[in-house]
Amino acid sequence: MIEFKNVFKQYSDDIIASNDINIRIDQGEFVYVVGPSGAGKSTFIKMMYHEEQATSGEITVNNFQLQTMKPKEVPFLRRDLGIVFQDFKLLPRLTIFENIAYALEVIEKEPAEIKERVDYVLDLVDLADKSDKFPEELSGGEQQRIAIARAVANKPEVLIADEPTGNLDPETSDDIMAILEKVNKQGTTVIMATHNSIIVNKYPHRLLAIEDGRIARDEEGGKYGYEN
Ligand code: ADP
Ligand code: ADP
């Protein structure tokens with residue numbers, strides 16, 4: 001469960017990126033975050049994994065109270081979160097297998113479990129045959145599928161995706177959506193910031209529209225509603 005209560009984020013005197021955000025997202029939901037550029041989408045999402053901290057208000061993510069959390073607890077918060085970025089952020093000198101395994105090694109999983117998990121998630125994104133390739137040998141869409149596999153390898157409660165289809169063509173974006181919906185059906189909350197109106201309208205889910213740092217719309221199956 002993710003809850004924001006009266007959350008404000010002020011970067012400077014004249015920049016209020018979150019202006020009294022009140023929102024609750026239950027476990028297992030699929031939520032789009034949309035809105036014009038500069039509206040505060042990234043700030044909203046970054047506060048969930050404590051990359052940015054609220055100026056005031058309360059944020060609860062899973063069982064963590066972020067405003068009173070100690071720095072040493074941040075890695076534990078992030079263990080329950082999978083994060084996917086527009087630019088994939090795969091490590092170029094590691095193979096696909098190693099990229100995913102590395103994420104599990106840093107949280108000290110046993111080698112046998114790592115092998116099992118990596119094989120499972122490569123299968124989930126239908127790229128088991130690319131295990132020994134390097135990222136640059138894969139297409140953009142394939143790299144994003146690997147980034148999602150890596151993000152869900154630790155079975156996170158929440159998968160956060162910031163513009164996951166931002167660099168991808170429509171057909172490839174459909175593949176990414178199929179994977180995100182599959183992950184969601186397994187019980188993982190999916191939160192996806194996007195400018196992709198075609199995707200939002202084609203795969204209806206709860207939609208949060210952020211404008212000027214406020215939640216301007218919160219609709220089940222909402223339409224995109226902006227010029228791209
Ligand atoms: P979006 O993701 O919707 O484009 P952001 O959350 O990135 O919006 O930005 C919201 C506002 O906060 C914008 O005015 C942006 O310029 C500002 N902003 C974002 N990050 C910072 C930062 N690190 N320092 C100062 N201002 C920032
Ligand atoms: P369970 O999750 O109860 O172990 P499943 O049938 O869902 O049972 O999973 C079978 C195997 O796949 C298990 O070994 C589990 O660790 C692994 N697995 C399931 N879901 C995921 C996931 N999202 N990410 C990584 N491994 C998974």
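Read the numbers this way: they start at 1 and go in the same order the structure lists the ligands and their atoms.
- In this structure, Ala39 is part of the shell of residues with a heavy atom less than 4.0 angstrom from ligand 1.
- Counting non-hydrogen atoms of other residues, nucleotides and ligands closer than 6.0 Å to CG of Asn63 gives a total of 12 or fewer.
- Looking only at protein heavy atoms, the nearest one to atom 24 (N) of ligand 1 is Tyr11 CD2, 3.5 Å.
- For the residue pair Ala147 and Phe88, the shortest heavy atom distance occurs at CB-O, 3.8 Å.
- Heavy atoms from both the backbone and the side chain of Thr43 come within less than 4.0 Å of ligand 1.
- Between His205 and Phe30, the two ring planes are parallel [angle under 30°; tilted spans 30° to 60°].
- Near Lys41, the atoms of ligand 1 lying under 4.0 angstrom from a non-hydrogen atom of the residue are 1 (P), 2 (O), 3 (O), 4 (O), 6 (O), 8 (O).
- For atom 16 (O) of ligand 1, the protein comes within 4.0 Å by no heavy atom at all.
- For residues 68-81, no residue pair satisfies the side chain to side chain donor-acceptor pair (under 3.5 Å) rule, not counting sequence neighbours.
- Ranking the protein heavy atoms by distance from atom 8 (O) of ligand 1 puts Gly40 N, 3.0 Å first.
- By the criterion of a heavy-atom distance under 4.0 Å, neither the backbone nor the side chain of Ser12 is placed next to ligand 1.
- Side chain of Thr172 to backbone of Gly141: no donor-acceptor contact under 3.5 angstrom is found.
- Put simply, the side chain of Asn19 never gets that close to the backbone of Arg214: no donor and acceptor are under 3.5 Å apart.
- Within ligand 1, the atoms closer than 4.0 Å to a non-hydrogen atom of Ser37 are 4 (O), numbered from 1 in the order shown.
- The local environment of CZ in Phe8 is crowded, with over 12 non-hydrogen atoms from other residues, nucleotides or ligands closer than 6.0 Å.
- The side chain to side chain donor-acceptor pair (under 3.5 Å) search around Tyr203 returns Asp174, not counting sequence neighbours.
- Between the choices Gly38, Ser42, Ala17, the shortest heavy-atom distance to atom 2 (O) of ligand 1 belongs to Ser42.
- Less than 4.0 angstrom separates some heavy atom of Pro36 from each of these atoms of ligand 1: 3 (O).
- In this structure, atom 13 (C) of ligand 1 has protein heavy atoms in its sub-4.0 angstrom surroundings.
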